[in-house]
Participant: 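The structure is given below, and queries will be raised subsequently.
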Amino acid sequence: MRLDDIPISQIRRPLPRANDPNKVKALMDSIREIGLQEPIDVLEVEGQYYGFSGCHRYEACQRLGHETIRCRVRRAPKAVLQMHLA
């Protein structure tokens with residue numbers, strides 16, 4: 001596992017989520033003031049990034065116009081990705 005700043009545009013979010021707008025707004029205020037404190041987790045599968053957690057942080061950074069987001073990157077084979085999608 002490694003920490004890396006990944007372009008938000010390169011992170012796929014294959015599972016639709018309904019985020020709490022109040023939580024996203026609170027995170028936007030916090031990130032604006034003190035920055036992102038907790039990286040999101042992504043899987044790297046064959047050079048592609050997939051996000052399954054950190055949905056509110058991801059949306060907050062996206063709405064703030066950040067081009068990258070701090071990620072904990074875990075490399076995985078396609079079989080692991082398929083388990084997440086099942």
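In this text, all values refer to a predicted model and were calculated from it rather than measured experimentally.
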Participant: Going from CD on Q10 to CD on E67, what distance comes out if it is rounded to the nearest 0.5 angstrom?
Facilitator: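 Output value for this atom pair is 11.5 Å.
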Participant: Same hydrophobic cluster for I40 and L15, using side-chain heavy-atom links shorter than 4.5 Å among ILVMFWY?
Facilitator: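 No, no single cluster joins them.
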Participant: Test: side-chain hydrogen bond (donor to acceptor under 3.5 Å, both in side chains). Region: residues 31-43. Which pairs qualify, not counting sequence neighbours?
Facilitator: D29-R32, E38-R72, D41-R72
Participant: Just by modelled atom types, is the N22 backbone N or O under 3.5 Å from a matching donor or acceptor in the D20 side chain?
Facilitator: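 Between the backbone of N22 and the side chain of D20 there is a qualifying donor-acceptor contact (under 3.5 Å).
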Participant: Between the main-chain N or O of L36 and the side-chain N or O of R57, is there a donor-acceptor pair closer than 3.5 Å?
Facilitator: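 No, the answer is negative, given that no donor and acceptor are paired below the 3.5 Å cut-off.
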Participant: Enumerate the residue pairs fulfilling ring-ring contact (aromatic ring centres under 6.0 Å, His included) with a member in residues 59-86, sequence neighbours excluded, ordered by first and then second residue.
Facilitator: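 Qualifying pairs, neighbours excluded: F52-H84.
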Participant: Name every donor-acceptor pair, under 3.5 Å, that has one atom in a side chain of residues 73-83 and the other anywhere in the protein, sequence neighbours excluded.
Facilitator:
residue : atom : partner : partner atom : Å
R75     : NE   : E44     : OE1          : 3.4

Participant: Show the nearest heavy-atom pair for residues C71 and I6, with the distance to one decimal.
Facilitator: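 Nearest pair, atom of C71 first, then I6: SG-CG1, 3.7 Å.
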Participant: Looking only at heavy atoms, which two atoms of E59 and N19 are closest? And how far apart?
Facilitator: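 Looking at all heavy atoms of both residues, the closest pair is OE1-ND2, 2.6 Å.
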Participant: So, for Y58 and I11, which heavy atoms are closest and what is the spacing to 0.1 Å?
Facilitator: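 Looks like OH-O, 3.6 Å.
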Participant: Could you see if I8 belongs to whatever hydrophobic cluster contains Y50? Use Ile, Leu, Val, Met, Phe, Trp, Tyr and a side-chain cutoff under 4.5 Å.
Facilitator: no
Participant: Return the minimal non-hydrogen interatomic distance between R17 and C55, and the atom names on each side.
Facilitator: CG-SG, 3.6 Å
Participant: Restricting to non-hydrogen atoms, name the atom on A60 and the atom on L27 that form the minimum distance, rounded to 0.1 Å.
Facilitator: CB-CB, 3.9 Å
